[in-house]
Amino acid sequence: MTENPKNAADDILVRIRGLRFLRGERAIFDGLDIDIPRGKVTAIMGPSGTGKTTLLKLIGGQLRPHAGSIEFDGQNVHALSTAELYELRMRMGMLFQSGALLTDMSVFDNVAFPLREHTRLSESMIRKLVLLKLEAVGLRGARDLMPAELSGGMARRVALARAIALDPMMIMYDEPFTGQDPISMGVLVQLIRRLNDAARISSVVVSHDVAETLRIADLVYVISDGKVVESGTPQQLAESGGEWTRQFIQGLPDGPVPFHYAAAALSDDLLGGAA
Amino acid sequence: MIEKLRGLGAWGLQALLRLGRAHVLLLAMLRGFVDILRRPRLLVEQLFSVGVLTILIISVAGLFVGMVLGLQGYYILSRFGGETALGLMVAASLVRELGPVLTALLFAGRAGSALTAEIGLMKATEQLSGLEMMAVNPQYRVLAPRFLAGLISVPLLAAMFSVLGVAGGWMVGGGMLGVDQAAFWNGMQEGIDFEDDVINGVIKSLVFGLVCTWIAIFQGYDCVPTSEGVSRATTRTVVHSSLAVLGLDFVLTALMFGE
């Protein structure tokens, strides 16, 4: 895919500034600043419900922020027309948590789908490209299967092959490791890193699986309550003195994020009669 | 009191917002028709799943409705010695009213609910989001072909319903009850006006097709993407479509056949 020449020299592919996004009255993000560098694996971590998937949808222009800006390759995503936005999305790939494969198409047709939609390549060329993409994720032999016949891990690998079909500049991974067995998880971890390095893609991994994500990330942002709590390399985070980050990284049951949901004292509840 | 008013206001605003979204979607689907010209295969696939797969229920229903009309018509008309008008009565009832209306109701139950469930599940499993992120507009690629297929299918299905209904009426009237066959067909030929009856029936079924398919697609596209949300949307499709068809039938009948 072509790079915006004006910004080719810029090391930052995605620049998020002062992002504010509300769901009803609740602020999911409130003044979020994040830089996603080119050619690196950037992890965005945080507990469930902190809006990690929402952030990917904001970067992809599927949601509009209430304030702030998101620039992708120097273009303000939310200032683009619909046609320009679709043009921009051809430079992004996204791996959804569910895989989001089209259920009425075979594995082969799913991977061929973006090529058939956006290019005028001959069917024989598309076949070669699809087989190469499937080979890259180890599923060339599964090309004739339907999505319903795939395991969760295989579905995500097919979705990954589809996401790289148009050779995007960046791939966004939405909780790629959730619900995977150790073997599938190992395969996905290796694939994300390998694709990032071999194809010089920039990767954004949104996850709360600490060990797997820290294994492959070059840069990590930890978000909570709509803001970046801490950022740095995995090494820096592991050595972090921040209580919140330590609780999250080490999976401690109590800390700044309390074990108990806010409630009246137990004795008041027990002695206070019916509530 | 203030709380109730506030609740009513919020409900009204939500209803207006939904109506607005439905109209925006309608415009987007109409724009998507241009895309279909480039890829007619998408339309053919949907004509099969929306139209062809509905033929069986329409055929069986049309045949039985015609048979019942023949039977009831004969019992009433024979009291006055007017059995020869049976053909006209069956055909006029079917072409003007029962064909378009019952076809639309059956279409909403069979194809409309299936459309809502399919699109709702595509939303729940992030397939529509996936298309957007692949720079493919789902309103053009997924919704517009289904909408056009519904528009084309309903008038054809209504015609099929009426033809089979007339055949059913003839089987009962002419075959079982001994109504004169020449009188049956002549009465129909002389009494049915192409413009007043047939064309108006086609216009009705076009309107019903548009409304039923639009409601079905919008409910699926706008549903809460959970199993409960899809289930509620499917129910709403059948209820809203049925009420819309019956209400619109009254309005259209008044406009078309009023003095």
Side-chain angles (χ1 to χ4, degrees), chain A residues 1 24 53-54 56-63 77 80 82-105 110-120 147-148 152 155-156 158-166 168 170-175, chain B residues 6 10 13-14 17 21 24-25 27-29 31-32 34-36 38-50 53 114-115 117-146 149 220-221 224-227 230:
Chain A
M1 282 289 132
T53 303
T54 305
L56 295 188
K57 290 192 169 180
L58 283 159
I59 294 173
Q62 290 187 296
L63 295 172
V77 174
L80 299 175
T82 307
E84 288 169 334
L85 183 61
Y86 275 89
E87 188 75 25
L88 182 100
R89 283 179 186 158
M90 288 168 69
R91 288 184 272 152
M92 297 175 177
M94 182 152 168
L95 184 74
F96 286 85
Q97 199 171 339
S98 60
L101 295 175
L102 297 166
T103 47
D104 58 344
M105 290 182 187
N110 261 287
V111 181
F113 183 81
L115 294 167
R116 286 179 178 144
E117 287 291 318
H118 296 303
T119 69
R120 293 185 175 192
R156 279 185 214 182
V158 173
L160 184 52
R162 187 177 69 175
I164 58 171
L166 290 173
M170 177 180 82
I171 299 185
M172 298 185 278
Y173 298 88
D174 183 11
E175 301 284 6
Chain B
R6 189 178 291 165
L13 280 176
Q14 283 301 321
L17 272 173
R21 287 201 298 273
V24 169
L25 180 67
L27 289 177
M29 288 191 296
R31 275 201 302 272
V34 181
D35 221 35
I36 297 170
R38 288 194 291 121
R39 282 177 297 191
R41 188 181 54 84
L42 293 177
L43 176 63
V44 174
E45 283 170 7
Q46 292 312 315
L47 279 172
F48 178 78
S49 68
V50 170
L53 295 181
L115 277 174
E118 185 190 16
I119 295 165
L121 280 171
M122 285 183 85
K123 185 177 179 181
T125 54
E126 296 180 309
Q127 291 180 57
L128 298 181
S129 279
L131 285 173
E132 281 181 5
M133 286 308 296
M134 283 189 282
V136 174
N137 189 336
Q139 294 176 340
Y140 296 174
R141 180 67 170 67
V142 176
L143 307 187
R146 284 163 174 77
Y221 193 64
V224 179
T226 60
S227 47
V230 175

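Just so it is clear: chains get the letters A, B, ... in the order the sequence lines come, proteins before strands, and each one is counted from 1.
- Interface check for chain A: of the options B:L131, B:V136, B:L121, the most heavy-atom pairs under 4.5 Å are formed by B:V136.
- Scanning all heavy atoms of the two residues, the minimum distance from A:L102 to B:M122 falls at CD2-CE, 4.3 Å.
- Interface residue A:T103: backbone and side-chain heavy atoms are both found under 4.5 Å from chain B.
- Atom CD of A:E84 has more than 12 neighbouring heavy atoms from other residues, nucleotides or ligands inside a 6.0 Å radius.
- Comparing A:G61, A:A100, A:A165, A:G93 by how many heavy-atom pairs each has under 4.5 Å with chain B, the most go to A:A100.
- Residues A:R89 and B:A135 share a closest heavy-atom pair of CB-CB, 4.1 Å.
- At a threshold of 4.5 Å between non-hydrogen side-chain atoms, the residues A:M94 and B:E132 do not count as touching.
- Residue A:H118 comes nearest to B:M134 through the heavy atom pair NE2-O, 2.6 Å, listed as atom of the first residue, atom of the second, then distance.
- If you measure heavy-atom distances from A:L95 to chain B, you find no contacts under 4.5 Å at all.
- A distance of 10.0 Å separates CG in A:D174 from OG in B:S129, rounded to the nearest 0.5 Å.
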